[in-house]
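Numbering of residues begins at 1 and proceeds along the displayed sequence.
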Amino acid sequence: MIRTEEMLLNVGPQHPSTHGVFRLVIKIDGEIIKEATPVIGYLHRGTEKLAENLQYTQIIPYTDRMDYLSAMTNNYVICHAVETMAGITPPERAEYLRILAMELGRVASHLVWWGTYLLDIGAVSPFLYAFREREMIINLLTELSGARLTFNYMRVGGVKWDAPDGWLEKVADFVPYMREQLKGYHDLVSGNEIFLNRVKDVGIYTKEEALEYSLSGANLRCTGVEWDLRKHEPYSLYDRFDFEIPVRTKGDAFSRYECRMAEIEESLKIIEQAVVQFPADGPIMAKVPKIIKPPKGETYVRIESPRGEIGCYIASEGKKEPYRLKFRRPSFYNLQILPKLLEGENMANLITILGAIDIVLGEVDG
């Protein structure tokens, strides 16, 4: 019999497979993880506290830097919260541009997850294909916003700029191309025997556990819970689109994989419909005062980001800056279940389980 003794091992904070500056202190006995303690805060920037000294429009660029892989949804949630408080209704054309930007961003975010997750568990070529397609989306969003990652595109009451000439046609052309590539992704990976051995029946949790830990997004839907705020609490113009909510029931890493891959297809459906429904003309900004001062009170709004439910709470004293501002960041909540999933697991499954959660550390740390 091989004799082993417990040892402490640091995983991260500087390691590509931790998906950001994230540290795990794990206690291992041989190859078995006895205990895992996440250490966060290396990327903390105090966004919520800084917001107390900023005008509402000045907060938008800070939201880009939370979940920097889906900056458009972050832009939207702060604008949506202020609009709800101040009673501002954005014009229809602006809302269509917002939805196109958010859904393109959702596809790009899932592509980064797919490519990096496969890289985590030993496959190099999927990463290259994912970033090839993502680059096309980033180019479209650059044309729209003038930036590549931190877009700062949305405004309280609308959007910064209208779509340039020919942009909608490029978006329409991208949809069938991406569908074709998605088939190739499945051919390459989804049925691959080595991949399936790495992810099936790994990191399992139940529906009850998912709800207990306040998980959202694919991390919740992989347990059989059909919940998507775009469908169940529609915001913007999402009630105008026909799309499904991908759900799986096993609650393992492969179920989370399947949910996200299916979500790419559903986002492409929304993009396709939005291009067809897009208004021929109209304003892109509502009539908004130069200095926005929502009335005294408080509000909380929530939307569906690529990682789950992102919420924004604002307490206002009727001034040009919020009295308090708080974000519900899905990566932070989804990460809470990690120590439970790792306990008793083989060391080889650590990165497989962590990567399947799909965290962005800028959002975890705030």
Side-chain angles (χ1 to χ4, degrees), residues 9-24 26 31 33 36 38 40 42-43 67-71 105-139 148-149 178 180-203 217-219 222 252-265 267 306-308 330-331 334-335 338 341-342 345-364:
L9 182 68
N10 277 296
V11 180
Q14 283 83 26
H15 195 284
S17 292
T18 59
H19 296 261
V21 278
F22 175 56
R23 178 179 170 214
L24 263 175
I26 58 170
E31 287 290 313
I33 299 168
I40 64 173
Y42 293 94
L43 206 57
D67 181 352
Y68 36 76
L69 295 182
S70 62
R106 194 182 308 273
V107 175
S109 175
H110 283 341
L111 286 175
V112 173
W113 169 78
W114 183 75
T116 54
Y117 188 48
L118 270 294
L119 198 63
D120 285 348
I121 55 182
V124 177
S125 49
F127 178 82
L128 304 175
Y129 296 132
F131 270 70
R132 178 185 64 189
E133 273 68 77
R134 176 181 178 263
E135 187 68 15
M136 296 175 74
I137 296 173
I138 295 299
N139 287 341
R148 279 184 58 84
L149 187 73
M178 187 64 231
E180 194 60 35
Q181 300 313 307
L182 206 52
K183 287 179 193 170
Y185 293 178
H186 287 302
D187 289 343
L188 181 67
V189 174
S190 302
N192 184 290
E193 207 172 306
I194 301 168
F195 171 71
L196 293 175
N197 282 334
R198 290 298 307 275
V199 296
K200 276 198 164 185
D201 300 323
V202 172
N219 290 291
C222 73
D252 62 350
F254 185 59
S255 296
R256 297 189 269 290
Y257 172 91
E258 287 189 303
C259 281
R260 292 192 186 99
M261 296 305 280
E263 281 171 24
I264 294 177
E265 179 58 47
S267 286
R307 263 149 288 286
S331 290
N334 292 341
L335 192 61
L338 183 63
L341 296 183
L342 292 181
E345 268 291 349
N346 194 293
M347 184 66 193
N349 288 337
L350 187 153
I351 297 300
T352 305
I353 292 169
L354 172 61
I357 296 174
D358 186 21
I359 54 170
V360 170
L361 259 295
E363 187 176 70
V364 173

[atom1] of [X] to [atom2] of [Y]: how many Å apart, nearest 0.5 Å?
X      : Y      : atom1 : atom2 : answer
Ile353 : Arg256 : CD1   : CZ    : 8.0 Å
Arg106 : Leu69  : CZ    : CG    : 13.5 Å
Asn10  : Ile26  : CG    : CD1   : 9.0 Å
Leu9   : Ile33  : CG    : CD1   : 9.0 Å
Leu342 : Asn349 : CG    : CG    : 9.5 Å
Ser255 : Asn219 : OG    : CG    : 11.0 Å

Inset, instruction - Kindly indicate whether a cation-pi arrangement holds for Arg260 with Trp113, taking the cut-offs as under 6.0 Å to the six-membered ring centre and within 45° of the axis. - result: yes
Taking all non-hydrogen atoms of both residues, which atom of [X] and which atom of [Y] are closest, and how far apart?
X      : Y      : result
Trp114 : Pro126 : CZ3-O, 3.2 Å
Leu196 : Ser190 : CD2-O, 3.5 Å
Ala36  : Leu24  : CB-CD2, 4.2 Å
Ala356 : Ala253 : CB-CB, 3.8 Å
Glu345 : Gly203 : OE2-N, 4.1 Å
Ile121 : Val199 : CD1-CG1, 4.1 Å

Is any side-chain heavy atom of [Y] closer than 4.5 Å to one of [X]?
X      : Y      : result
Leu182 : Met261 : yes
His19  : Val360 : no
Phe131 : Val112 : yes
Thr352 : Tyr117 : yes

Inset, instruction - With side chain to side chain donor-acceptor pair (under 3.5 Å) as the test, would you mind laying out the steps for Tyr185 and Glu133 before giving the verdict? - result: CA-CA 11 Å; Tyr185 293 178; Glu133 273 68 77; 2.5 Å; yes
Legend entry - Positive for side chain to side chain contact (heavy atoms under 4.5 Å, CB included) with Phe22, one of Leu43, Leu335, Val364, Val11: Leu335
Legend entry - Result of checking Gln181, Glu135, Met136, Arg134 against Leu111 for side chain to side chain contact (heavy atoms under 4.5 Å, CB included): Arg134
Determine yes or no for a side-chain-to-main-chain donor-acceptor pair under 3.5 angstrom, with [X] supplying the side chain and [Y] the backbone.
X      : Y      : result
Asn346 : Ala348 : yes
Ser267 : Glu263 : yes
Ser109 : Pro306 : no
Asp67  : Gly362 : no

Legend entry - Verdict with reasoning, Phe254 to Cys222, per side chain to side chain contact (heavy atoms under 4.5 Å, CB included): CA-CA 9 Å; Phe254 185 59; Cys222 73; over 6 Å; no
Inset, instruction - Please say whether more than 12 non-hydrogen atoms of neighbouring residues, nucleotides or ligands are located less than 6.0 Å from CD1 in Ile194. - result: no
Legend entry - Heavy-atom neighbours of Tyr68 OH exceed 12 at 6.0 Å: yes
Inset, instruction - Given side chain to side chain contact (heavy atoms under 4.5 Å, CB included), test Asp201 with Asp252 step by step and report yes or no. - result: CA-CA 5 Å; Asp201 300 323; Asp252 62 350; 4.1 Å; yes
Legend entry - Residues Leu149, Ile138; criterion side chain to side chain contact (heavy atoms under 4.5 Å, CB included); working and verdict: CA-CA 8 Å; Leu149 187 73; Ile138 295 299; 5.6 Å; no
Legend entry - Trace of the side chain to side chain contact (heavy atoms under 4.5 Å, CB included) decision for Ile40 with Arg23: CA-CA 7 Å; Ile40 64 173; Arg23 178 179 170 214; over 6 Å; no
